[in-house]
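Indexing begins at 1, ligand by ligand and atom by atom, following the structure's order. FYI, the numbering just counts along the sequence from 1.
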Amino acid sequence: MSDLLSAAPEGPILVCGGAGYIGSHCVAALQRCGVEVVVLDDLSSGHREAITAPLVEADLKDRGAIRAALDAHAPRAVIHFAAKCYVGESVTDPAKYYLENVHATWNLLEEMRAAGVRDIVFSSSCATYGEPREIPIPDGHPQDPINPYGRTKLHMEHMMSDYSHAYGLRYAALRYFNAAGASLDGSIGEDHEPETHLIPLVLQVALGRREKIKIFGDDYDTRDGTCIRDYIHVIDLADAHLRALKHLQLDRGNLRCHLGTGTGFTVKEIIDAAREITGHPIPAEIVPRREGDPAKLVSGGSRAKDVLGWVPRRGDVRDVIGDAWGFLSKNPDGYRSQ
Ligand code: UDP
């Protein structure tokens, strides 16, 4: 990826939401390639400690602040991670999601258009597919989200598509499966407040910060009755963003693809793997299903590989859990430990 620079015009990459979980790994990956980065983040869920790049502390609801950042830094492209991401909250407070995700992205696109910045790599989600009609989910599966979070991500994709058609925006929408893991040196990782994701919660039990892990339902139509997910290492996600950026800057066309490993694990399998890795018994309790959880989400197809040459390098779920454990062991209170 060191040829990223030669493929592109001048200027830094503006990473919106770059202090967040996936954004900060992408920032680190860009910096490792010698690419100049500026982060724009309101720190509502991101962490200043997660980045070494210059930070513009600003909110995408503030168009003046976006304009000022674009004027000051003249980025050659934008990578856009900034969004609210709790499915449950999106059901009870959809207004927040339409404002923070859809409206804020419209602000960003408008200011990019005014400033003549035409490339954007965008964090989308497999939540845009809704209840899958096929497993593994092929590239090009119909998008029919079942919650406001997924719908806002789909609206954002549609906006980019329309802006591309009308104004020449070039975009890559990368639809993630379950992001997990941490940097190999344990310096950056997942730190959400509140934490709702399976792997960090399981590891918090191993660390003694929680008494037990609740398994949301064991009556699904899966091999052990618990939900199956495709856990993709955050380092592999970061790598895909760099490849997508290069793809756009080489004018190879818009891209919509999903990012997963193609292998699914049940909740019980994840807990068992974490028991093995941490050496802790990790007590678990079966509780009722969580609303809105599809039984199985596993990526299929090969568009990311065919178009970007992307294949997960840390695709083994044991590496994903082991790296997350490395971060948490070093930072038992997340970034507050540093
Ligand atoms: N899950 C669970 N207990 C928890 C958190 C999650 O059983 O405390 C399950 C959840 O029902 C889903 C899987 O673990 O089947 C992954 O959930 P997560 O919230 O990590 O990601 P999601 O798939 O919802 O994006």
*Listing by chain and number, which residues have a heavy atom under 4.0 Å from ligand 1?*
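Ligand 1 pocket, heavy atoms under 4.0 Å: Asn178, Thr196, His197, Leu198, Leu201, Ile213, Lys214, Ile215, Phe216, Cys227, Arg229, Tyr231, Val267, Arg290, Asp293.
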
Donor + acceptor pair across side chains of [X], [Y] (<3.5 Å):
X	Y	answer
Glu134	Tyr129	no
Tyr167	Arg118	no
Thr226	Asp218	no

_Aromatic plane relationship, Tyr335 with Phe327 - under 30° parallel, 30 to 60° tilted, over 60° perpendicular_ =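 Taking Tyr335 first and then Phe327, their aromatic rings sit tilted (interplane angle of 30° to 60°).
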
*Among His258, Glu157, Arg256, the one residue meeting side chain to side chain donor-acceptor pair (under 3.5 Å) with Ser124*: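 It is Glu157, the one option of His258, Glu157, Arg256 that forms the side chain to side chain donor-acceptor pair (under 3.5 Å) with Ser124.
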
*Between Arg170 and Asp119, is there a salt bridge with N-O shorter than 4.0 Å?*
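Result for this pair is yes, salt bridge flagged.
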
